[in-house]
There are 2 protein chains.
Amino acid sequence: MIPVQKALPEATLSRMTGYLRALEAMREVGRSTISSEVLAAAAGVNSAILRKDLSLLGTFGTRGVGYRIEVLAETISATLGLERDWRVGILGAGNLGRALAGYAGFREGGFSIQAVFDVAENIIGDTVAGLTVRPVGELAAATAELGLNMAVLAVPGPAAQRLCDRVVGAGITNILSFAPVILHVPEGIHIRRVDMARELQILAYHAGFGAGRPADPA
Amino acid sequence: MIPVQKALPEATLSRMTGYLRALEAMREVGRSTISSEVLAAAAGVNSAILRKDLSLLGTFGTRGVGYRIEVLAETISATLGLERDWRVGILGAGNLGRALAGYAGFREGGFSIQAVFDVAENIIGDTVAGLTVRPVGELAAATAELGLNMAVLAVPGPAAQRLCDRVVGAGITNILSFAPVILHVPEGIHIRRVDMARELQILAYHAGFGAGRPADPA
DNA sequence: CGATGTGAACCCTTTCACAGCG
DNA sequence: CGCTGTGAAAGGGTTCACATCG
């Protein structure tokens, strides 16, 4: 009802991207409206929570009909801030950095990879996803020149804090890190971490539950 | 107090791996005990929740002293099921697959990469992290032969469901997917998803909050 | 005396179920 | 009549604060 002004809850936020993805798929199939039931199934959630999430955007579904795919996709996209011009620099041109540079999902939604940096002499100058790998020393200059406003850290744990500091020093305030360490950043810097090893460990726990246990009497 | 029998809450689980990492670091520095305050800081959480999490393991800290690092690390490790012999097959030998194959974090905690598969003729036979890339056709045979009990899907979205089905067909019941799609699996199959694009989008939202907004009166 | 372990309060999410609207 | 939008209820998770114990 009321248009968005307040921050969305984290839980809602993490589902929004799934809705967006499902909506794009629907759009490609040529549909124009969709019910919460169907969209929820496509996004892998239940319909009640989908409706509640959408209601936070100050929504506008049509009772008895559903949501207009086009309108909904644009609203979500705008809410997430994907309308802005996100210029991303990747730190680390190892396999992970290369994978991310070429990852289609990163190119969608306004994110464009503008530069790739590394410290290793022997790969500086290589071409990665159409970009020339630069020395980290050029970080500040490149940030200004290219207007970078987001950094992805794809470097080993021990190097991460040091490079993170340089990223911050260069004036970038938004960081996505793949390094398995806690990074310390000043107030005002937004940081998120993807922890791939964590996921494997959680999977191991669920997988082993009941199997590696002390004998389940029953 | 009571030794573990029940499943740990998801939230607790996702912090455990952080504690484990911090404990390893402490161990290397040669400490033998640690307080909840210090460990919590190292893991990036507050001490109250750390104590509550550990109490779920049926714990054994010493009041006035803290926890024994060695004992705690082993308890967590055993609880997560890292004592088991996890034999991982990676599907997809592109940049992401290669990055994962070489990722140190995946080699820790009992996970060992045993095989890498791909469908592309031109890379079958390549060497990745010391392993020869096999055709996906060998999946079932290799699973039996090598005792694979975990699969990592590092393939493009459109191929993921198909390959997921083959993984399940080969008898692997634990899957970590990096593909940005909802995968459908039979009852009894454990699956987790890492969504890298999602993280960027959430970061964009937080970054843009207050900036891309309709003008904040005040 | 210092740090754990935990009841109780609080807050955030999810689910239920249905009134209300197109 | 069907589907949205939402109060109200239920369920988890986190924080507080302190009794308890080594």
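These figures come from a predicted structure and were not determined experimentally.
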[X] has an atom [atom1]; how far is it from atom [atom2] of [N], in whole Å?
X	N	atom1	atom2	answer
Tyr19(A)	dT4(D)	OH	P	13 Å
Leu50(A)	dT13(C)	CG	P	17 Å
Asp53(B)	dT6(C)	CG	C1'	13 Å
Ile49(B)	dC10(C)	CD1	C1'	13 Å
Leu56(B)	dG13(D)	CG	C1'	11 Å
Phe60(B)	dT4(C)	CZ	P	12 Å
Glu10(A)	dT14(C)	CD	P	12 Å

Given [options], the nucleotide with the shortest approach to the side chain of [X]:
X	options	answer
Ala11(A)	dG13(D), dT13(C), dT6(D)	dT13(C)
Ala48(B)	dT15(D), dG22(C), dG5(D)	dT15(D)
Arg63(A)	dC21(C), dG5(C), dT6(D)	dC21(C)
Pro9(A)	dC18(C), dG5(C), dT13(C)	dT13(C)
Ser35(B)	dA3(C), dG13(D), dG22(D)	dA3(C)
Ser36(B)	dT4(D), dT14(D), dT4(C)	dT4(C)

Do Tyr205(B) and Leu82(A) come within less than 4.5 Å of each other through their side chains, counting heavy atoms only?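 A side-chain contact is absent here, since even the closest heavy-atom pair is not under 4.5 Å.
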
It should be established whether [X] places a side-chain nitrogen or oxygen under 4.0 Å from OP1 or OP2 of nucleotide [N].
X	N	value
Arg68(B)	dG22(D)	no
Arg15(B)	dT14(D)	yes
Tyr67(B)	dG5(C)	yes
Asn46(B)	dT15(D)	yes

Between Gly64(A) and Arg51(A), just flag the one whose closest nucleotide in DNA chain C comes earlier from the 5' side.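 This one resolves to Arg51(A).
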
Greater than 12 external heavy atoms within 6.0 Å of Arg107(B)'s CZ: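 It does: Arg107(B) CZ has more than 12 such atoms within range.
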
Counting only heavy atoms from other residues, nucleotides and ligands, does the tally under 6.0 Å from CD of Glu10(B) exceed 12?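 Yes, enclosed.
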
Counting any heavy atom closer than 4.0 Å, what does Glu37(A) reach on the DNA or RNA strands: base, sugar-phosphate only, or nothing?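 Answer is nothing: Glu37(A) stays at 4.0 Å or more from every strand.
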
Thr79(A) vs Met16(A), test: side chain to side chain contact (heavy atoms under 4.5 Å, CB included). Steps then yes/no. CA-CA 10 Å; Thr79(A) 304; Met16(A) 281 292 175; over 6 Å; no

When you measure only distances, ignoring hydrogens and angles, does the side chain of Lys52(A) come within 3.5 Å of the base of dT6(D) through a donor and an acceptor?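 Per atom types, no contact qualifies.
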
Mind listing the closest non-hydrogen atom pair of Arg192(B) and Leu203(A) along with its distance?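 Result for this residue pair: CD-N, 3.9 Å.
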
